[in-house]
Amino acid sequence: MSGVLSFFGAPVVMLARTVRASTRDGVPWRESLAQLHELGGRSVWLVMSGMAFFGAVLVTIANSQARRFVGNVAVLGPAYFELLIRELGPAVSALLTASRAGAAHAAELSTMSVNEQVEALEMSAGDPYADLVAPRVIAGVLGVPLLCTLGTIAATLSAAAVAQFAFGVDGRAFMDPRYVDGWDLLAAFLKAAGCGLYIPLAAAVAGLKARGGAEAVGEATTDGVVAASLGCLLIDLAVSLAFQLLRL
Amino acid sequence: MPLLTRLGRTALDALRGTGALGLVVGRTVLALPKLERRELGRALVQFGYGSLPLALATAALAGIIVVLQSGIYVQRFGARAFLGWAAGYGVLWEFGPLLLGLIMSARLGARNAAELALMQVGGQIEGLRGIGLDPFAILVAPRVVAMEVSMLALSGVTFAVAILFESVAALLALGLPVRVFFGTFSQLLGPLDLLGGVVKTGIFGLAIALLSTTVGLSARGGAHAVGQAAANAVVRSCAAIFVLDFALTSLLAGWMG
């Protein structure tokens, strides 16, 4: 029970402290830009190549479903495209980002706190929340929606290409945006932004409480990645459920 | 010539990584007959039993998400009765193995790599070699076997839980009776479909175990290298899972036709 409470509570406390510290001290914009480059630039190839393979898998599955059920794979296309835009694009891209960026943030922050660099920062009148956590949160909120967009584009292109060349369906007809409307884009954006907010916070919670030696760094990295991935799944579920209940 | 330099360095890194992976695979297979039993038991408890809560939580989430997702297009085509089949197919073939693989690479892959990197950096692996013990028999082979067994066992449990949660979610969100859900589920899905998901998960488990071990054993440097190894293990396992997912889906879909 206390595990569940701290899983949900610790990121909220971290967010409150970060917001308070950064309204007091101001946000280091230069560091935020550097973090955005770190998060975006380093994750972009992983997310895009992963999503390209995922798009190809999606078409293969649609094809084998269609062969048993409706006969023509092109009929399933528009529905699959809506699914990709609304659910799978943001969810899977965010999971990939959580593993890459969550691990990097948790490893960095825990190395800093194990080596007592965080305490040194406090000694020199800096605030770890404003100087270390806030730039990462800003980079996450701005960067993850961008990464999700790129990932969805990569998945769409590879799905269209596979449909065209492997299954002989017109790729543009398969990836037909007939059913996609503003609500789908809103759901996708909410998921991406929520995950972008949550990943740095979860990694920071795990990283800043690391104490001990190198063992603590490994432990903190694992905790950060697990919390970030599970949190992304929960956020996706919450948004999907809310949209389902409101019948949007 | 920065581009050429980068290209060459990437190619060298890829070659070195493949070589290290090959070495670990070979020496693990050689060490299999004399693997340490006690270490295997410990790893089984840690990997399998220790991951059970996380795996079950993932399974429940995956089940609900898949129903909400397929619910949209099943309703659109007016084929609500087929939801049991569509959702079961989605979880068994795609989302069950993929999500379990990603979550387990985060938990077990990172931990495995961090532990081995810590021993490598601290000189404990050299120490084992120094007193004439084979680190592959004591440290690596038990982990690989335990990871494989745990992933196979977890896949069965998680698929069952995911499908249970799917049927409940279908009842609550879409008003589909549980009997109708399981009716099309059992009618249209064969034992081969169940096997497909388990095979996928097993291969993902093998990839996670071997990649994280390789990354951990090739860590060099100080404390920084340990965190680096944990992060690298997660990234490489995720990339490998996506590539393998594509290869296995096309292979199995073609083979089962």
Side-chain angles (χ1 to χ4, degrees), chain A residues 46 49-54 56-58 60-61 63-65 67-70 75-76 79-80 82-83 86-88 91-92 95-96 98-100 102-104 106-108 110-111 114-115 166 179 213-215 217-222 225-226 228-230 233-234 236-237 240-241 243-245, chain B residues 54 57-58 61-62 64-65 68-73 76-77 79 82 85-86 89-90 93-94 98-99 102-103 105-108 110-111 113-115 117-118 121-122 173 188 222-235 237-239 241-243 245-247 249-250 253 256-257:
Chain A
L46 178 71
S49 54
M51 288 302 285
F53 278 106
F54 187 70
V57 169
L58 218 55
T60 317
I61 294 233
N63 183 53
S64 49
Q65 275 187 340
R67 253 191 300 180
R68 286 201 222 172
F69 181 25
V70 277
V75 177
L76 286 178
Y80 259 91
E82 188 192 15
L83 204 63
R86 181 186 180 124
E87 317 271 356
L88 301 178
V92 182
L95 264 181
L96 276 169
S99 62
R100 173 71 188 76
E108 264 172 31
S110 58
T111 310
V114 164
N115 293 342
Y179 293 147
E215 198 163 358
V217 174
E219 192 83 12
T221 310
T222 313
V225 179
V226 170
S229 329
L230 204 60
L233 282 180
L234 273 171
D236 290 335
L237 176 69
S240 297
L241 211 59
F243 274 69
Q244 175 83 30
L245 290 178
Chain B
L54 187 66
T58 314
L61 285 178
I64 300 172
I65 291 177
L68 290 179
Q69 282 170 351
S70 33
I72 294 170
Y73 77 97
R76 185 152 274 154
F77 290 120
F82 283 99
W85 166 73
Y89 192 85
W93 272 94
E94 192 47 34
L98 191 68
L99 287 180
L102 289 180
I103 288 276
S105 80
R107 192 184 126 81
L108 300 181
R111 170 170 305 227
E115 274 178 15
L118 192 66
V121 168
L188 290 167
H224 186 61
V226 177
Q228 201 77 33
N232 266 342
V234 180
V235 173
S237 318
C238 282
I241 283 176
F242 273 91
V243 175
D245 189 34
F246 172 62
T249 301
S250 0
M256 291 179 184

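Worth knowing before you read on, the calculation uses all heavy atoms, side chains too, and leaves out hydrogens, waters and symmetry mates.
Atoms CG and OG1, on A:Leu58 and B:Thr249 in that order, are 10.0 Å from each other to the nearest 0.5 Å. For the atom pair B:Arg107 CZ and A:Leu230 CG, the distance stands at 11.5 Å (nearest 0.5 Å).
Residues A:Thr60 and B:Ser250 approach most closely at CG2-CA, 4.1 Å, considering heavy atoms. Heavy atoms only, all atoms of each residue included: B:Ala231 and A:Thr221 are closest at N-CG2, 4.2 Å. Smallest separation of non-hydrogen atoms from A:Phe53 and B:Phe242: CB-O, 3.8 Å. Minimum interatomic distance between A:Leu46 and B:Ala239 (heavy atoms only, all atoms of both residues): CD1-CB, 3.9 Å.
Partners of A:Ser240 according to the side-chain hydrogen bond (donor to acceptor under 3.5 Å, both in side chains) rule, which considers only residues two or more places apart in sequence or in another chain, are A:Glu87, A:Lys191.
Only the side chain of A:Leu96 comes within less than 4.5 Å of a heavy atom of chain B; its backbone N, CA, C and O stay farther away. Using a 4.5 Å cut-off between heavy atoms, B:Ile241 does not touch chain A at all. Interface remark: A:Leu95 contributes side-chain atoms only to the contact with chain B (heavy atom separation under 4.5 Å). Of the atoms belonging to A:Ser49, not a single heavy atom falls under 4.5 Å from chain B. Proximity to chain A (any heavy atom under 4.5 Å) is shown, for B:Leu108, by neither the backbone nor the side chain. Using a 4.5 Å cut-off between heavy atoms, A:Leu241 contacts chain B through both its backbone and its side chain.
Each of B:Ala106, B:Ala114, B:Ala57 has some count of heavy-atom pairs under 4.5 Å with chain A, and the biggest count is that of B:Ala106.
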